[in-house]
Colleague: 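Structure in structure tokens, see below.
The analysis underlying the following values was restricted to heavy atoms, covering all of them including side chains, and did not include hydrogens, waters or symmetry mates. Here, residue 1 is the first one in the sequence, and each next residue gets the next number. The shown structure was predicted, so the numbers you read here are calculated from the model rather than taken from an experiment.
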Amino acid sequence: MQTDSSELDRAVRDIADEMQDRTDRGEVATYIPELARVDAKGFGLVVIDADGHVAAGGDSDTPFSIQSISKVFTLTLALGMAGDRLWRRVGREPSGSPFNSIVQLERERGIPRNPFINAGAIAVTDLILSGHQPREALGEILRFMQFLAQDPTITIDEAVAASELRTGFRNVALANYMKSFGVLDNPVDFTLGVYFHHCAISMSCRQLAQAGRFLAHSGRNPATGHSVVSPERARRINAVMLTCGHYDGSGEFAYRVGLPGKSGVGGGILAIAPGRASIAVWSPGLDASGNSHLGRIALEMLTKRLGWSIFGA
């Protein structure tokens, strides 16, 4: 049963108002210097339901660095290119470790635990890059995002990308370690260049919620009728989002919010209410696991109020 649009509008407005007044906002990411400069007071929330109704609150049109949320879309692209062959180079189990852990990678002989930790997303990026120049691969990823969001103005924040290139030593180590096991096919600097740039894509909550709609509707974008992926693949991407989308905070997110979701250290979260809505929230202050502190709280409030948890009201 779909939620009435006026009820949805009220819920989003009330939650956004409450979040704007809270003082417990978490800490902005500091290991990427450009992200450390973001104002922690920002908060935006957008929900797009099955009928295309947009409920928006707070800073819903403020662009932010989507960071690891891009991994949902690179996974979608890579599965389109390689199908289930992708799972030979990356697993799909929860990591239980920080997103940039190298210990687990060493223990498992260079095979990343899932496509949403940094090592896994670098391996996915390497697959997309194969047979292309880095600029071509990056262009394909960006065009895919623009296509899904129906917005050609979406761009890459070059300052954020440059900041990551300058300071991403842990990711360089992860990529070189995987290269030593033959998990990466392309030159490490090419793969990392594409990876850092797609993480630096800048989007608003409105654009991000639009881009995620196909995952809420069995792989089809209801706005265009275009099938992006099969219903089975959409279901499987959602499953990996639920179990792995918040790193070592994934269990807590499933427990409290009860939706597939993917976070990014820019403070964004894309959440999917299957059959109901695509949801994007942004608040740049992070919790200890690197996930948006107020974003998770807002989503928990939303699913409780509307009865949208996939585990039941």
Colleague: Mind listing the closest non-hydrogen atom pair of Arg92 and Cys244 along with its distance?
Modeller: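 For Arg92 and Cys244, the tightest heavy-atom pair comes out as O-SG, 4.1 Å.
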Colleague: Looking at CE of Met81 and CG of Leu127, how far apart are the two atoms once the value is rounded to the nearest 0.5 Å?
Modeller: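 Nearest 0.5 Å value for the CE-CG distance: 7.5 Å.
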Colleague: Determine whether Val265 and Leu35 satisfy the following criterion, side-chain contact (heavy atoms from CB on, under 4.5 Å), listing intermediate values before the conclusion.
Modeller: CA-CA 8 Å; Val265 295; Leu35 296 185; 4.0 Å; yes
Colleague: Could you check whether any side-chain N or O of Ser250 sits under 3.5 Å from a backbone N or O of Tyr247, counting only pairs where one atom can act as donor and the other as acceptor?
Modeller: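 Yes; judged by distance alone, with no hydrogens or angles, the pair exists.
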Colleague: Between Asp4 and Arg10, is a salt bridge (charged side-chain N to carboxylate O under 4.0 Å, His left out) present by the stated rule, with each step listed?
Modeller: CA-CA 10 Å; Asp4 176 77; Arg10 274 195 306 276; 5.3 Å; no
Colleague: Quick one: does any side-chain atom of Ser163 pair with a main-chain N or O of Ile32 as donor and acceptor, under 3.5 Å?
Modeller: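 Not confirmed, Ser163 side chain does not pair with Ile32 backbone.
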Colleague: If you count the non-hydrogen atoms of other residues, nucleotides and ligands that lie under 6.0 Å from CD in Glu108, is the total more than 12?
Modeller: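 Above 12, so yes.
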Colleague: For Asp287 and Gly290, indicate whether the former's side chain and the latter's backbone hold a donor-acceptor pair under 3.5 Å.
Modeller: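 Answer holds: yes.
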Colleague: Just checking, is any N or O donor in the side chain of Lys71 or Ser68 under 3.5 Å from an acceptor N or O on the other one?
Modeller: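 The criterion, which ignores hydrogens and geometry beyond distance, is satisfied for Ser68 and Lys71.
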Colleague: Are there more than 12 heavy atoms of other residues, nucleotides or ligands under 6.0 Å from atom CD of Gln150?
Modeller: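 Buried by this count: over 12 neighbours within 6.0 Å.
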Colleague: Could you check whether any side-chain heavy atom of Thr303 comes within less than 4.5 Å of a side-chain heavy atom of Leu259, counting everything from C-beta outward?
Modeller: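 When only atoms from C-beta onward are counted, Leu259 and Thr303 do touch, with a gap below 4.5 Å.
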Colleague: How long is the gap from CE on Met145 to CG on Leu77, to the nearest 0.5 Å?
Modeller: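 With rounding to 0.5 Å, CE (Met145) is 9.5 Å from CG (Leu77).
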Colleague: Taking atom types as modelled and ignoring hydrogens, do the side chains of Asp151 and Gln146 form a donor-acceptor contact shorter than 3.5 angstrom?
Modeller: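 Note: Asp151 and Gln146 side chains miss the donor-acceptor criterion.
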Colleague: Rounded to the nearest 0.5 Å, what's the gap from CZ on Phe116 to OG1 on Thr74? Could you check?
Modeller: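 It comes to 8.0 Å.
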Colleague: Checking His197 side chain against Gly193 main chain: does a donor-acceptor pair fall under 3.5 Å?
Modeller: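 Checking the backbone N and O of Gly193 against the side chain of His197, a donor-acceptor pair under 3.5 Å is found.
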Colleague: Hydrophobic cluster membership, with links at side-chain heavy-atom distances under 4.5 Å among I/L/V/M/F/W/Y: are Trp308 and Ile310 in one?
Modeller: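 Both belong to a single hydrophobic cluster.
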Colleague: Starting from Tyr255, can I reach Ile269 by hopping between I/L/V/M/F/W/Y residues whose side chains sit under 4.5 Å apart?
Modeller: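 Different hydrophobic clusters.
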Colleague: Of all residues at least two apart in sequence or in a different chain, which pass the salt bridge (charged side-chain N to carboxylate O under 4.0 Å, His left out) check with Asp61?
Modeller: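 Result, salt bridge (charged side-chain N to carboxylate O under 4.0 Å, His left out) vs Asp61: Arg206.
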Colleague: Classify the ring geometry between His198 and Tyr195 as parallel (under 30°), tilted (30 to 60°) or perpendicular (over 60°).
Modeller: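 Geometry flag for Tyr195 against His198: perpendicular rings.
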Colleague: Keeping Asn186 on the side-chain end and Asp126 on the backbone end, is there a donor-acceptor pair under 3.5 Å?
Modeller: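 Yes: the side chain of Asn186 pairs with the backbone of Asp126.
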Colleague: Arg166: what forms a salt bridge (charged side-chain N to carboxylate O under 4.0 Å, His left out) with it, not counting sequence neighbours?
Modeller: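 Salt bridge (charged side-chain N to carboxylate O under 4.0 Å, His left out) list for Arg166, sorted by chain: empty.
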Colleague: Between the side chain of Lys262 and the main-chain N/O of Gly245, is any donor-acceptor distance below 3.5 Å?
Modeller: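 Yes.
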Colleague: Please examine the side chains of Ile117 and Arg113, heavy atoms only from C-beta on, and report whether any two atoms are closer than 4.5 Å.
Modeller: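 Side chain of Arg113 against side chain of Ile117, heavy atoms only: contact under 4.5 Å found.
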Colleague: Angle class for the Trp282/Phe64 ring planes (parallel below 30°, perpendicular above 60°, tilted otherwise)?
Modeller: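 The arrangement is parallel - the two ring planes meet at less than 30°.
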Colleague: Mind checking whether Val240 and Pro115 have side chains closer than 4.5 Å, heavy atoms only?
Modeller: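 A side-chain contact exists here, since the closest heavy-atom pair is under 4.5 Å.
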Colleague: Do the side chains of Ile237 and Ile272 get nearer than 4.5 Å, heavy atoms only?
Modeller: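 They are not in contact (no side-chain heavy atoms under 4.5 Å apart), so the answer is no.
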Colleague: Output the distance between atom CD (Glu300) and atom OG (Ser309), rounded to the nearest 0.5 Å.
Modeller: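 So the CD of Glu300 and the OG of Ser309 are separated by 10.0 Å.
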Colleague: If hydrophobic clusters are built from ILVMFWY residues whose side chains come within less than 4.5 Å, do Leu45 and Leu208 share one?
Modeller: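 No; Leu208 is not reachable from Leu45 via cluster members.
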Colleague: Checking side-chain contact (heavy atoms from CB on, under 4.5 Å) for the pair Leu165/Leu192: CA distance, chi angles, key distance, verdict?
Modeller: CA-CA 8 Å; Leu165 278 164; Leu192 285 174; 5.6 Å; no
Colleague: May I have the step-by-step check of side-chain contact (heavy atoms from CB on, under 4.5 Å) for Arg305 and Asp14, ending in yes or no?
Modeller: CA-CA 11 Å; Arg305 182 159 169 173; Asp14 290 350; 2.9 Å; yes
Colleague: Just so I know, are the side chains of Thr167 and Tyr31 near enough to count as touching, which here means a heavy-atom distance under 4.5 Å?
Modeller: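 In short, these two side chains do not touch, never coming nearer than 4.5 Å.
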Colleague: Rounded at 0.5 Å granularity, tell me how far CZ in Phe43 sits from CD1 in Ile297.
Modeller: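 The distance works out to 9.5 Å.
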Colleague: Hydrophobic cluster membership, with links at side-chain heavy-atom distances under 4.5 Å among I/L/V/M/F/W/Y: are Leu270 and Leu79 in one?
Modeller: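 The answer is yes; both residues are in one hydrophobic cluster.
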Colleague: Under the side-chain contact (heavy atoms from CB on, under 4.5 Å) test against Pro112, which residue among Val90, Ile122, Asn118 passes?
Modeller: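 Result: among Val90, Ile122, Asn118, Val90 is the only option passing the side-chain contact (heavy atoms from CB on, under 4.5 Å) with Pro112.
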Colleague: Can you tell if the side chain of Asn221 reaches within under 4.5 Å of the side chain of Gln210, non-hydrogen atoms only?
Modeller: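 Side-chain contact under 4.5 Å: yes.
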Colleague: Under a 3.5 Å distance rule, please check whether His132 uses its side chain to pair with a backbone N or O of Ser130 as donor and acceptor.
Modeller: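 Yes, because the side chain of His132 sits within donor-acceptor range (under 3.5 Å) of the backbone of Ser130.
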Colleague: Taking all non-hydrogen atoms of both residues into account, name the closest pair between Val28 and Ala40 and its distance.
Modeller: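 Closest approach of Val28 to Ala40: CG1-CB, 4.0 Å.
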Colleague: Going hydrophobic residue to hydrophobic residue with side-chain gaps under 4.5 angstrom, can you get from Ile156 over to Phe196?
Modeller: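 Cluster IDs for Ile156 and Phe196 differ.
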Colleague: What pair of heavy atoms forms the shortest contact from Asn238 to Leu215, and how long is it?
Modeller: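 Of all heavy-atom pairs spanning Asn238 and Leu215, the closest is ND2-O, 2.9 Å.
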Colleague: So, Arg220 side chain and Pro231 main chain: donor-acceptor pair closer than 3.5 Å or not?
Modeller: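 Checked: no pair found.
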Colleague: Is it true that the side chains of Gln67 and Glu164 contain a donor and an acceptor less than 3.5 Å apart?
Modeller: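 Judged by distance alone, the side chains do pair up.
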Colleague: Keeping Arg109 on the side-chain end and Glu106 on the backbone end, is there a donor-acceptor pair under 3.5 Å?
Modeller: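 No: the side chain of Arg109 does not pair with the backbone of Glu106.
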Colleague: What I'd like to find out is whether the side chain of Pro284 reaches to under 4.5 Å of the side chain of Val38, using heavy atoms alone.
Modeller: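 Sidechains of Val38 and Pro284: in contact.
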Colleague: Parallel, tilted or perpendicular: which one describes the rings of Phe253 and His246, with boundaries at 30° and 60°?
Modeller: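 Phe253 vs His246 ring planes: parallel.
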Colleague: So, for Val160 and Glu34, which heavy atoms are closest and what is the spacing to 0.1 Å?
Modeller: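 Heavy atoms of Val160 and Glu34 come nearest at CG2-CG, 3.7 Å.
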Colleague: Is there side-chain contact between Ile154 and Leu142, with at least one heavy-atom pair below 4.5 Å?
Modeller: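 Yes. Closest side-chain heavy atoms under 4.5 Å.
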Colleague: Considering non-hydrogen atoms only, spot the tightest contact between Leu306 and Leu8 and give its length.
Modeller: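 In terms of heavy atoms, the two residues are closest at CD1-CD1, 3.7 Å.
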Colleague: Would Ser202 and Asp157 count as having a side-chain donor-acceptor pair, cut-off 3.5 Å?
Modeller: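 On atom types as modelled, these side chains do not qualify, holding no pair under 3.5 Å.
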Colleague: Just how far is it from atom OG of Ser278 to atom CD1 of Ile48, taken to the nearest 0.5 Å?
Modeller: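 Interatomic distance, Ser278 OG to Ile48 CD1, rounded to 0.5 Å: 6.0 Å.
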Colleague: Could you walk me through whether Glu93 and Asn114 pass the side-chain contact (heavy atoms from CB on, under 4.5 Å) check?
Modeller: CA-CA 6 Å; Glu93 293 294 335; Asn114 66 66; 6.0 Å; no
Colleague: Any idea which heavy atoms bring Val183 and Gly110 closest together, and the distance?
Modeller: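 Taking Val183 first and Gly110 second, the nearest heavy atoms are CG2-O, 3.2 Å.
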Colleague: Output yes when a side-chain donor or acceptor of Glu136 lies under 3.5 Å from a complementary backbone atom of Gln133, and no otherwise.
Modeller: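 Between the backbone of Gln133 and the side chain of Glu136 there is a qualifying donor-acceptor contact (under 3.5 Å).
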Colleague: So which of Ile66, Thr155, Ile69 actually passes side-chain contact (heavy atoms from CB on, under 4.5 Å) with Ile201?
Modeller: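 Option passing the side-chain contact (heavy atoms from CB on, under 4.5 Å) with Ile201: Ile66.
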